[in-house]
Amino acid sequence: MTSLEALRSVFVSTVPCVDTPRCINTRHEAVDCDRCEAICPTGAISRFSVTPRISTEACVTCGACLAVCPSDAIAIPTAMENAPFRALEHLPPGDIGLVCGVHPDPQASAAPAPTVLRHGMCLASLDIGRLIALTEGGSRLVWLDTSGCSTCPIATVRSAIDQAVAAANALASLFGRAPPIATVDNGRVPAERAVVDGSHQGLTRRDLLTAAGLRREAPDTPMTRRRGAVGDRLPIALPRARRRLLDHLDRWGEAPAADSFLSTSGSPFASVVIDDDLCRGCRLCSRFCPTGALNWHSAAGSFTLGFLASLCIDCGICVAACPEDAVGLGEELAAEQLLEREWSVLLTGTLVDCAGCGQPTRGEGEADLCHSCRHGRVGPLLDQAGLMDDLISRTHSLEAK
């Protein structure tokens, strides 16, 4: 059985770092996201106030937290998690097996493939987009060798591997493709096979990011911002993991069937629904949305709230931000929405001046009150229809980066 100390010596030697401005908890603390903390197999991640901290003593650098973070808030500075993608250039055509960094003998891998690629981290570090990337557009079948997971000291992350594989295959099925990824625990070893070490390619960070198509824009800022007044909306950015995934879906080319649906359970996508009877048109769901998946447009006394599923990272901020409990998440998403590039209409309505404070609110007559006045929150607490002083200070800190 591999020990935790052995994992530390084999896996990437750099402890992941937390990019605090990217963490969705800093955007709205009511979200209470604990995905990184929950997946960590050694208890190395804990939250100080609302943001995660990683213990250098307890972390084994398995990388499981990288795959579950919806906002790219956790990263490994050495970018070694991208090494397998550089190694793809050296692989022959055909199916490949993938083993983790602590596999004792990649040559004897249970994966029924002529080529085995060794990943320097735990297989749980591979998110859905990276798994799909390894299939090179579905042209090859990728076998994840999980034969050692049951005896591994971080065996609890096995469930994350299975969930990522299931989600990637579900997407492939929607696009009319055979499941390109599978896990294998035992099997007959091919007589002849090649083993490629994807964990030590002797590459620079620049080489790795270029090969995987992950070079950041210059300058390297914590967020790609759409500037505007604080009263308009908070800064937005689409995480790199989502950009990678959308790129691969676009390359598949064929659009999903019009009558097909994607279950949002275990998926990185979400379906936002609005309760027409409860919504007061406060805009907070769209203002807090970190990617611009929710879009508010108002003109001539009316408004439209739009939703773009491809940008939604299932962070739940819109649900937490709504003061009227009018926002919810659906159980399935129309597959055709995954490739849409224009916002679909969630809700339309009429805006009137609040009878209490004069701010625009959804309503029909002079007696209508905005959400703040309805709940007795007036005066300074209104602060640009719900954007409080702490959020303004956070935005200023982002602009200063």
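In this chain, residues are counted from 1 in sequence order.
- For the pair S298 and L351, the tightest heavy-atom approach, listed with the atom from each and the gap, is CB-CD1, 3.9 Å.
- In this structure, the side chain of S302 does not engage the main chain of T350 through any donor-acceptor pair within 3.5 Å.
- Of all heavy-atom pairs between H103 and D145, the closest is NE2-OD2, 3.1 Å.
- The shortest side-chain heavy-atom distance between D32 and R47 falls under the 4.5 Å cut-off.
- A distance of 11.0 Å separates SG of C373 from CZ of R280, quoted to the nearest 0.5 Å.
- Side-chain contact between L234 and F288 is present, with at least one heavy-atom pair separated by less than 4.5 Å.
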Test side chain to side chain contact (heavy atoms under 4.5 Å, CB included) applied to T183 and R158, step by step: CA-CA 11 Å; T183 59; R158 169 63 193 271; 4.0 Å; yes
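- The distance from atom CD of E340 to atom OG of S310, rounded to the nearest 0.5 Å, is 8.0 Å.
- Counting heavy atoms from C-beta on, the side chains of P21 and T26 never come closer than 4.5 Å.
- Formation of a donor-acceptor pair under 3.5 Å by the T264 side chain with backbone atoms of S267 is not found in this model.
- Of all the heavy atoms in C370 and C354, the pair that sits closest is N-SG, 3.2 Å.
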Check against side chain to side chain contact (heavy atoms under 4.5 Å, CB included), L7 and V102: CA-CA 7 Å; L7 294 182; V102 297; 3.3 Å; yes
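- Remark: the T135 side chain and the H248 side chain contain no N/O donor-acceptor pair separated by less than 3.5 Å.
- Taking 4.5 Å as the limit, some side-chain heavy atom of L246 sits within range of a side-chain heavy atom of L238.
- The shortest distance between side-chain heavy atoms of N169 and P180 falls below 4.5 Å.
- At least one donor-acceptor pair under 3.5 Å links the side chain of R27 to the backbone N or O of C289.
- In this structure, a donor-acceptor pair under 3.5 Å is absent between the side chains of S3 and E5.
- Remark: Q337 CD to C312 SG distance equals 10.5 Å, nearest 0.5 Å.
- Judged by distance alone, the side chain of T348 and the main-chain N or O of V345 form no donor-acceptor pair under 3.5 Å.
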Residue pair C282, R362: steps toward the side chain to side chain contact (heavy atoms under 4.5 Å, CB included) verdict: CA-CA 8 Å; C282 67; R362 188 185 185 198; over 6 Å; no
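- For the pair R243 and D247, the salt-bridge criterion is not met [side-chain N within less than 4.0 Å of a carboxylate O].
- With 3.5 Å as the limit, one finds no donor-acceptor pair spanning the side chains of N25 and T51.
- Here the SG atom belonging to C36 is positioned 10.5 Å from the CD1 atom belonging to I39, to the nearest 0.5 angstrom.
- Residues satisfying the ring-ring contact (aromatic ring centres under 6.0 Å, His included) test with F261, not counting sequence neighbours, are none.
- A side-chain contact (heavy atoms from CB on, under 4.5 Å) with W343 holds for exactly one of L308, T304, L305, L294; it is L308.
- To the nearest 0.5 Å, atoms CG (D325) and SG (C279) are separated by 12.0 Å.
- With hydrogens and angles disregarded, no donor-acceptor distance shorter than 3.5 Å links the side chain of D34 to the backbone of E37.
- Both cation-pi conditions hold for R242 and F269: the charged atom is under 6.0 angstrom from the six-membered ring centre and inside a 45 degree cone around its axis.
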Stepwise side chain to side chain contact (heavy atoms under 4.5 Å, CB included) test for C315 and I24: CA-CA 7 Å; C315 66; I24 61 176; 3.7 Å; yes
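- For the residue pair T361 / D368, no side-chain donor-acceptor distance below 3.5 Å is found, with atom types taken as modelled.
- A donor-acceptor pair under 3.5 Å is formed between the side chain of R341 and the backbone N or O of L339.
- Remark: side-chain polar atoms of S71 are paired, donor with acceptor, to backbone N or O of R22 under 3.5 angstrom.
- With contacts defined as side-chain heavy-atom distances shorter than 4.5 Å, the pair V184/T146 does not qualify.
- Inter-residue side-chain proximity for V116 and P106 is flagged as met; some heavy-atom pair is nearer than 4.5 Å.
- Taking the centre of each ring, W296 and F303 come in below the 6.0 Å mark.
- Between D314 and P268, every side-chain heavy-atom pair lies at or beyond the 4.5 Å cut-off.
- Within the 3.5 Å criterion, the main-chain N or O of V142 finds no donor-acceptor partner in the side chain of D95.
- Heavy atoms only, all atoms of each residue included: A270 and L329 are closest at CB-CD2, 4.4 Å.
- Atoms CG and OG, from L333 and S271 in turn, are 5.5 Å apart once rounded to the nearest 0.5 Å.
- For D105, the CG atom is densely surrounded, since the number of other residues' heavy atoms within 6.0 Å is greater than 12.
- The heavy-atom pair separating P16 from I54 by the smallest distance is O-CD1, 3.4 Å.
- Residue L134 comes nearest to R140 through the heavy atom pair O-CD, 3.4 Å, listed as atom of the first residue, atom of the second, then distance.
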